[in-house]
Q: 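One structure, as structure tokens, below. Some questions next.
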Amino acid sequence: MKSQGPQGNYYKNALGYFYDYFLSFNYCIMAVEMKDLVDLCKARWFVYPWSEIYGWLANSWDYGPYGALLKENIKNLWIKEFVQKRPDMVLLDSAILMNPQVWVASGHVGGFSDPLIDDKNTKQRFRADKLLEGLIEDLKKDKSDVFAYLTEKYGVNNLVPESWSLEKQTEVMRGEKLNNPDTKTPWDWSDAKKFNLMFRTSQWVTEDSSATLYLRPETAQGIFVDFANILRTSRKKVPFWVAQVGKAFRNEITPWNFIFRTREFEQMEIEYFCEPWKDLETHATWKADCMKFLTKTLGLDEANLRLRDHEPDELSHYSNATTDIEYKYPFGWWELRWVADRTDFDLKAHMSESKQDLSYFDPVNNRKFIPYVIEPSIGLTRLLLCTLIDAYTIDGEWEETRTYLKLDPKIAPIKVGVLPVVKKIGEDAKIVFDILSDEFVCEYDEVGSIGKRYARFDEIGTPFCVTIDSNNFESGNVTVRYRDSMEQEVVPLIELVDFLKSKM
Ligand code: GAP
């Protein structure tokens, strides 16, 4: 890794797990690309290490001025597509701290855990299932039938380590003499054990007693808990959907790869309440709708996305069907979002715990049922990472290369850069800024050579720059310069707003 001064360590730590663990998977060339993106994010105000002046809290990130705008734009597009444009959708903003019984009913208190294993030599802790997934990929390089090999030797009945018992995970780790992925030294593995991922906090009840509360690990439960309220107050009929965007928190043992897996993140979740007999067809429709949003609305490259249906033995106990939409990150294919058929599991669980009736009465057919739920769920911050990876472009050769973000104009944080060719016509350029900033998020820049200013706007993904020079301006014109082609076009000032709108 290239030296980056004191801050380099933050990124080294953040990516350290990735570098060491995946070196064995031949992803080292890709890792450099990821590092370049991380550097750009820091240098260009997208993502900063959190509380940096106190030495950073590992794997926590702040979204800087452009990152915050990009995140907001993605969120607003999602709301526009899935709430504004759909007559049967409502938006909810439920609380992060909920009654702890919610998490008992949902199964999170009892079962929301990762299998962890310690290397007793180094006292490091790892996710056993993830190390085993890596082992399987490694074995595939030498063995033609890894499933047959592991079945014969250990009696496993699938290649999904997450579904193996803790004893089986420990047995395979020890049997295959898996090295510590960080130190590459021989291991002394403890028994794998479960570790609950929910963050706890306390609420004072009296001066000397407190109740345990949890920071929500998903936004979904807020929707289930408010189901009856929404039904009553919105006069919706099944099928209808509830959407929610908000923070979620998970005490991930291996937060990983920049903002891919973090302890604090944002989710955009939809719970689609449908008739129980329509769940599978609704699930199929949602898979297509989600792909359409990612490719057509957000402009992600279709070649970087794929659907992966969960195998029957991989499905959660409550699910009839689950599909991951995976993205081709520089570090391999990993989950971006999932679309799950959650059946009536959650509503039934909350009915049983709260003793409230959460069934639905269908007045047209005069029948009562508990709706099934299809859940398209995506991490907003993870999606932001994908938009940056997708947009990261290097054009040209050798010294002539140009790095820029080819972000879709709909999500670009700054839509228009406003640049006087020389400082002394700044007053004229500010008039243009005033006109444009009423319609678009713009940035005014008069410092440095015009070429450097273009390069800076290209790097943050600004699709258009408007340049003002005195000759043109006197005849009522400005120049529009395009980020991707670098071509320029003279446009009358009076038509500028409509012209730019037509390009967004
Ligand atoms: N309500 C269902 C649910 O929460 P999940 O697969 O655990 O399902 C949904 O999470 C989405 O949230 C994932 O597809 C991913 O995009 C995002 N996500 C989950 N854990 C994350 C983490 N630690 N950091 C960033 N994003 C995460």
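Since the structure is predicted, the reported quantities are computational estimates derived from the model, not experimental observations. Just so you know, ligand 1 is whichever comes first in the structure, and atom 1 is the first atom listed for that ligand.
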Q: Is it the case that the ring center of Tyr372 lies less than 6.0 angstrom away from the ring center of Trp277?
A: no

Q: Using heavy atoms and a threshold below 4.0 Å, how should the contact between Arg263 and ligand 1 be classified: side chain, backbone, both, or neither?
A: neither

Q: Just wondering, are more than 12 heavy atoms of other shown residues or ligands nearer than 6.0 Å to CZ in Arg235?
A: no

Q: In ligand 1, which numbered atoms sit nearer than 4.0 Å to a non-hydrogen atom of Glu269?
A: 1 (N), 2 (C), 3 (C), 4 (O)

Q: Going by the order shown, which atoms of ligand 1 are within less than 4.0 Å of some heavy atom of Phe260?
A: 24 (N), 25 (C), 26 (N)

Q: Under 3.5 Å, N or O to N or O, is Thr381 touching ligand 1 that way?
A: no

Q: Side chain or backbone, does Phe265 bring an N or O within less than 3.5 Å of an N or O on ligand 1?
A: no

Q: If you have a sec, work out which protein heavy atom is nearest atom 9 (C) of ligand 1 and how many Å separate them, to one decimal?
A: Ser377 OG, 3.0 Å

Q: Can the positive tip of Arg382 be found less than 6.0 Å from the middle of the six-membered ring of Phe260, inside 45° of the ring normal?
A: yes

Q: What are the atoms of ligand 1, with element, lying closer than 4.0 Å to any heavy atom of Glu252?
A: 22 (C), 23 (N)

Q: For atom 12 (O) of ligand 1, which candidate among Glu266, Gln267, Glu326 holds the nearest heavy atom?
A: Gln267

Q: Could you list the atoms of ligand 1 found under 4.0 angstrom from a heavy atom of Ala220?
A: 1 (N)

Q: Apply ring-ring contact (aromatic ring centres under 6.0 Å, His included) to the pair Tyr404 and Tyr392, showing each step before the final yes or no.
A: CA-CA 6 Å; Tyr404 62 103; Tyr392 190 88; 9.3 Å; no

Q: Looking at Trp333, Tyr327, Tyr329, which one forms a ring-ring contact (aromatic ring centres under 6.0 Å, His included) with Phe331?
A: Tyr329

Q: Could you tell me, atom by atom, which parts of ligand 1 come under 4.0 Å of a heavy atom of Glu335?
A: 6 (O), 13 (C), 14 (O)

Q: Looking at Arg337, which atoms of ligand 1 are within less than 4.0 Å of one of its heavy atoms?
A: 14 (O)

Q: Aromatic contact between His350 and Phe227, with the criterion being ring centroids under 6.0 Å apart: yes or no?
A: no

Q: Cation-pi check, Lys71 to Tyr63: give yes when NZ or CZ is under 6.0 Å from the six-membered ring centre and within 45° of the ring axis, no otherwise.
A: yes

Q: Looking at every non-hydrogen atom in both residues, tell me the closest pair between Asn73 and Pro413 and how far apart they are.
A: ND2-CA, 3.9 Å

Q: List ligand 1 atoms under 4.0 Å from Arg342, heavy atoms only on the residue side.
A: 1 (N), 2 (C)

Q: I want to confirm something. Looking only at heavy atoms, which of Leu336, Thr262, Thr322 is nearest to atom 23 (N) of ligand 1?
A: Thr262

Q: Testing Asp182, Thr183, Asp119 for side-chain hydrogen bond (donor to acceptor under 3.5 Å, both in side chains) with Gln124, which one passes?
A: Asp182

Q: Have a look at ligand 1 and work out which part of Arg250, if any, has a heavy atom under 4.0 Å from it: side chain, backbone, both or neither.
A: side chain

Q: Numbering the atoms of ligand 1 from 1, which are under 4.0 Å from a heavy atom of Glu375?
A: 1 (N), 2 (C)

Q: When you measure from the side chain of Arg308 to the backbone N and O of Glu335, does any donor-acceptor pair fall under 3.5 Å?
A: no

